[in-house]
Amino acid sequence: MIKLLRIEIYKIFRRPRTYISFGIVLAIAFIIQLAMYSGGKDFMSFGMQGVTEQFDVQGNIINGYLVTYIILQSLLIHIPLLVALVAGDMLAGEANLGTLRLLLTKPVSRARLVLVKFVASVVYTLLLITWLAVTALLISLLIFGEGDMVNLKSDAFIVLLKDDIMWRYMAAFVFAALAMTTIAALAAMLSAFADNSIGPIMTTMGIVVVLTILTNLELPMFNVIKPYLFTTHMIGWKGFFDDPVPLKAIANSAVVLALYTVGFLGVTIAYFNKKDITS
Amino acid sequence: MEPIIQARNLTKTFKGFKAVDELSFSITPGDIYGFLGQNGAGKSTTMRMLLGLIFPDSGEILINGSRLSNSSRHLLSGIGASIERPDMYGYLSGWDNLRIFAALSGKPIPSSRLYEVLEIVGLRGREKDKVKAYSQGMKQRLGIAIALVHSPQLLILDEPTNGLDPQGIAEMRALVLSLSRDHNKTILISSHLLYEIEQVATRMLVIHRGRKVVEGLVRELLNPDETLVDIQVAQGEQLKDKLAASQWQTHVTAITHNTLTLKMNTAQVPELNRWLVQQGALVSAINSKHSLEAYFLSLTNDKAAPDRNI
């Protein structure tokens, strides 16, 4: 199993396009950091208009923690695409390349092959999230320094003391990794149904976009289904920046995401076990 | 001797089209088993079923006496295969491709074995090149190296000469014969070209529209009396009457302006040539080949076959 996993990881990281994802994360983080560096004060003055009328806000408002939070919000829709690029290619890419039939002439069980490929996708996802943490958090802290973080919400604003933030980010990154693993499982499942990776990648993104819109629409008719949509729970990482942290809701979201992951993976194995390889 | 592979009543239907229909055969150790049929006859589908890539609707496959299923894929460790195009990871080197597929074979394979198979297929020295830079022939050879690397008992080669130039075809043929003779491999090889099968196979099965047409020893199935001889001759039509009145009358199958075609034993060709010269004919070329198409059509009784590459 370890040997197969090493092979899969080797294949992922020998493809130049794998590194495009890391480049995109770096580019987006850099652009936002640059924008905040040059026009951050105006941005924050506008955002905190209502707050400064009633409170006297002092100190380093535009600090590394705040900039990281803004980067994470911006990357919410991009990271799933980058994860889908690799996970959606998992089986369909091999089918398109013609190597799937060669792989499956070997005495390896199909279920094991799916699991190994999925774990390799998760390793890639974890590395991408770690890269995000490094580029967003560490570089922002280096450029903008530390400070208390102002979390502006639609109905409130929360001030988090600087000594109380780092653990929140670590927890948020772990939660984001879980959410992205769910996306990887979805893309992997769609990949099993296709013989070309474009389809699963686009479909994954389509599903994420549509369900995210449903999650954000404040219409009563959608409120019934919202708790069951994985996109509702993908933004659970934001809970770590509330005060107090809604641990129960975050745990609930984590369980839902884990169940979705297992479900997607189960469907993938069940379908792939019976699939005729005609590519 | 127990067969390595037994296919029993294999049937596979795709969207109402019966690709393979009640097909049974067996391959015994030492065979070079030719699998012959037109494009779309069901060869690749059958081979994919033998490798567990496609699941038969009915029938079963026994490998060394054990039934092949999803839970018995370990049986495939005794088989090496190259199915249709030799597709690999183009962005990796030949060595990396070989190493990857060797690792999937389920047993530890030392680097020395990798070098050995590269030597056998004639790719030693090119293993560090990326596969995307390989020619079609080199890819085919690497595909065979991958099939060979775990020392399987049986090799399944699906149309290994496809896309190769004449020299590549000759080299591939020599390689297949060498694998059988020098490395004791049992080989199942498919082709839509009877000539290719005739050159290498000891036994063969002809498949048409998914059904077995005939199976047996190649030397018994390909009757030497059924050789087609094409004679390039100036104004061939003028010989029509002379041929009709000669001993060759029953051998004539076609006469065109420049070509006479006769079905006969190859041993009679010099005698025919002498007769033609005596008749004053200007013979510019004589080509003999088995009446492959006629042979195949006589087996299939299907003169309207759309793709007659046989």
Side-chain angles (χ1 to χ4, degrees), chain A residues 1-20 85-86 89-117 119-120 192 195-197 266 268-279, chain B residues 12-14 19 44-45 47-57 63 68-93 96-97 99-108 130-132 139 142-143 146-147 149-150 152 155-156 158:
Chain A
M1 187 86 169
I2 297 296
K3 200 180 204 177
L4 296 183
L5 182 60
R6 279 171 53 193
I7 288 172
E8 286 305 321
I9 291 172
Y10 180 74
K11 285 190 315 199
I12 288 175
F13 286 96
R14 283 301 305 271
R15 299 190 87 164
R17 77 175 185 196
T18 300
Y19 298 96
I20 293 172
L85 275 178
V86 166
D89 193 56
M90 190 175 109
L91 294 166
E94 296 266 14
N96 188 38
L97 207 57
T99 45
L100 188 60
R101 65 173 182 274
L102 194 50
L103 282 176
L104 292 178
T105 61
K106 301 297 176 188
V108 178
S109 86
R110 291 187 178 201
R112 177 177 288 196
L113 191 71
V114 168
L115 282 175
V116 163
K117 282 183 166 291
V119 172
D195 288 334
N196 186 314
S197 51
T268 310
I269 291 172
Y271 175 76
F272 193 65
N273 256 339
K274 298 202 176 299
K275 185 181 182 181
D276 283 335
I277 306 301
T278 54
S279 59
Chain B
K12 182 68 186 179
T13 303
F14 293 109
S44 293
T45 302
M47 287 179 145
R48 282 171 187 256
M49 285 195 279
L50 297 181
L51 291 162
L53 293 171
I54 286 178
F55 300 101
D57 298 335
I63 298 177
L68 179 66
S69 69
N70 244 347
S71 57
S72 62
R73 288 181 58 83
H74 62 277
L75 296 172
L76 295 173
S77 61
I79 299 176
S82 174
I83 296 293
E84 292 184 26
R85 303 172 310 278
D87 294 320
M88 285 148 217
Y89 305 107
Y91 56 94
L92 298 178
S93 67
D96 277 344
N97 273 278
R99 198 171 55 89
I100 284 171
F101 288 107
L104 291 165
S105 65
K107 47 186 168 188
K130 286 198 172 167
V131 166
K132 64 183 172 191
K139 285 180 187 170
L142 183 60
I146 288 169
V149 72
H150 57 294
L155 279 178
I156 294 182
D158 188 9

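Note that this is a predicted model, so its numbers are computed, not measured. In what follows, chains carry the letters A, B, and so on, assigned in the order in which the sequence lines appear, proteins first and then strands, with residues in each chain numbered from 1.
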- Query: A:Arg110 and B:Gly52: which non-hydrogen atoms are nearest, and at how many Å?
  - Reply: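 What the structure gives for the nearest pair is NH2-O, 2.9 Å.
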- Query: Do you know the tightest heavy-atom contact between B:Leu92 and A:Lys11?
  - Reply: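 It is CD1-CG, 4.4 Å.
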- Look at B:Ile54, B:Asn70, B:Leu75, B:Leu53 and state which one has the largest set of heavy-atom pairs under 4.5 Å with chain A.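 When all of B:Ile54, B:Asn70, B:Leu75, B:Leu53 are compared, B:Leu53 has the most.
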- Pick whichever of B:Ala103, B:Ser71, B:Ser44 has the most heavy-atom pairs under 4.5 Å with chain A.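 Maximum pair count with chain A is reached by B:Ala103.
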- Item | Sorted by number, residues from residues 13-20 of chain A in contact with chain B (heavy atoms, under 4.5 Å) |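 Against chain B, the residues of residues 13-20 of chain A that fall inside the cut-off (heavy atoms, under 4.5 Å) are A:Arg14, A:Arg15.
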- Task: Name, in order of residue number, those residues of residues 272-279 of chain A that have a heavy atom at a distance of less than 4.5 Å from a heavy atom in chain B; otherwise write 'none'.
- Result: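 Answer by number: A:Asn273, A:Lys274, A:Lys275, A:Asp276, A:Ile277, A:Thr278, A:Ser279.
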If we only count heavy atoms from C-beta on, is the [X] to [Y] side-chain gap below 4.5 Å?
X: A:Thr105; Y: B:Met47; answer: no
X: B:Asp87; Y: A:Arg101; answer: yes
X: B:Ile83; Y: A:Leu102; answer: no

- Item | With B:Arg99 via salt bridge (Lys or Arg N to Asp or Glu O under 4.0 Å) - residues at least two apart |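 By the salt bridge (Lys or Arg N to Asp or Glu O under 4.0 Å) rule, B:Arg99 matches B:Asp96.
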- Message: Test of understanding: with salt bridge (Lys or Arg N to Asp or Glu O under 4.0 Å), list the residues that count as partners of B:Lys139, not counting sequence neighbours.
- Response: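 By the salt bridge (Lys or Arg N to Asp or Glu O under 4.0 Å) rule, B:Lys139 matches no residue at all.
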- Task: To the nearest 0.5 angstrom, please state how far the CD1 atom of B:Ile100 sits from the CZ atom of A:Arg6.
- Result: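 Those atoms lie 12.0 Å apart.
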- Query: Out of curiosity, B:Ile146 CD1 to A:Lys106 NZ, how far, rounded to the nearest 0.5 Å?
  - Reply: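 Answer for the CD1-NZ pair, B:Ile146 versus A:Lys106, is 7.0 Å.
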- Query: Does any heavy atom of chain B fall under 4.5 Å from the side chain of A:Leu104, the backbone, both, or neither of them?
  - Reply: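 Both parts, backbone and side chain.
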- Task: Name the region of A:Leu97, side chain, backbone, both or neither, that has any atom closer than 4.5 Å to a heavy atom of chain B.
- Result: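 Looking at A:Leu97, backbone and side chain both touch chain B.
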- Task: Select one option (side chain, backbone, both, neither) describing which atoms of B:Arg85 are under 4.5 Å from chain A's heavy atoms.
- Result: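 The answer is both parts of B:Arg85.
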- Is the side chain of B:Arg73 donor-acceptor paired with the backbone N or O of A:Val108 at a distance under 3.5 Å, no angle test?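 Yes; at least one donor-acceptor contact below 3.5 Å.
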